[in-house]
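Single-structure report; data block below.
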Amino acid sequence: MTVWAPWLQGTGGVAVAGAGLLAYAVRFPSSTLLAPSVHRGTRTRRAIALTFDDGPSESTPELLAILARHGVPATFFQCGANVRRLPAVAREVAAAGHEIGNHTDTHPRLDFKSRDFIARELAAAQESIERATGVRPRYFRAPYGIRWFGLRETQQRFNLTGVMWTTIALDWKWPSERIVPRLLNGAQSGAIFCLHDGRRVETAPDIRATLETVTEVLPKLMEQGFHFEKVTDILCPTKS
Ligand SMILES: [Zn+2]
């Protein structure tokens, strides 16, 4: 039996709109509804910020070597658990002059988690990163880009700004032949690319697609006149 009930439809509409807004707030790269974040840098320079999440991993030194060959700085959003597994690699990232951000301790989804849980995840990562590298992160990237209630207060407590992206590489599931054109297509002044030098908190993850992509894409972007900046720098419109 079908009941004609416009008031129910109306309620459904509000519920759908509410769910849509929540999905936007939680997942959308430019949303700042649940916590302060940036998703792109200044358009005043032909610069791109390369960011790498989920490290450090056993293969991060290979990535560092590729970046060093081109003199390219990057930003690494590290997980506390990975840093404790590979503190020397975490230190190597910092020593090479790259920026280090917080990507939680164990890489959980933050949605439907308590404020205490979120606070503990960020706190443990801050602590492990600082202990291993001497660096206290100022930027935070939410695992899977998922933000939740309570994140705002925790970010404030640790003085962390959220960083999303203009282009996500999908390097955990795509081969480099698909990722390279995706990144070239997303190349623009102030772009923030999200790649991965680990795979969540897996031991010895296979990041060949990421390494191949970076090897291929750096010379191409440089030919197009782009240079690379750390997140801190790309957010600053007046940096010379
Ligand atoms: Zn991640």
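Atoms within each ligand, like the ligands themselves, are counted from 1 in listed order.
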Inset, instruction - Check whether any N, O or S atom of His103, backbone or side chain, sits closer than 2.8 Å to the Zn ion (ligand 1). - result: yes
Legend entry - Glu153 with Arg157: basic N within carboxylate O range, under 4.0 Å: no
Inset, instruction - Decide, yes or no, whether a salt bridge links Glu121 with Lys113 under the criterion of side-chain N to carboxylate O below 4.0 Å. - result: no
Inset, instruction - Check whether the side chains of Ser57 and Arg199 place a donor and an acceptor atom closer than 3.5 Å, and report yes or no. - result: no
Legend entry - Identity of the N, O or S atom of His107 lying closest to the Zn ion (ligand 1): NE2
Inset, instruction - Give a yes or no on whether a salt bridge exists between Arg85 and Glu58, defined as a side-chain N under 4.0 angstrom from a carboxylate O. - result: yes
Inset, instruction - Please confirm if an N, O or S atom belonging to Asp54, backbone or side chain, lies less than 2.8 Å from the Zn ion (ligand 1). - result: yes
Inset, instruction - Examine all N, O or S atoms of His196, backbone included, and report whether one is under 2.8 Å from the Zn ion (ligand 1). - result: no
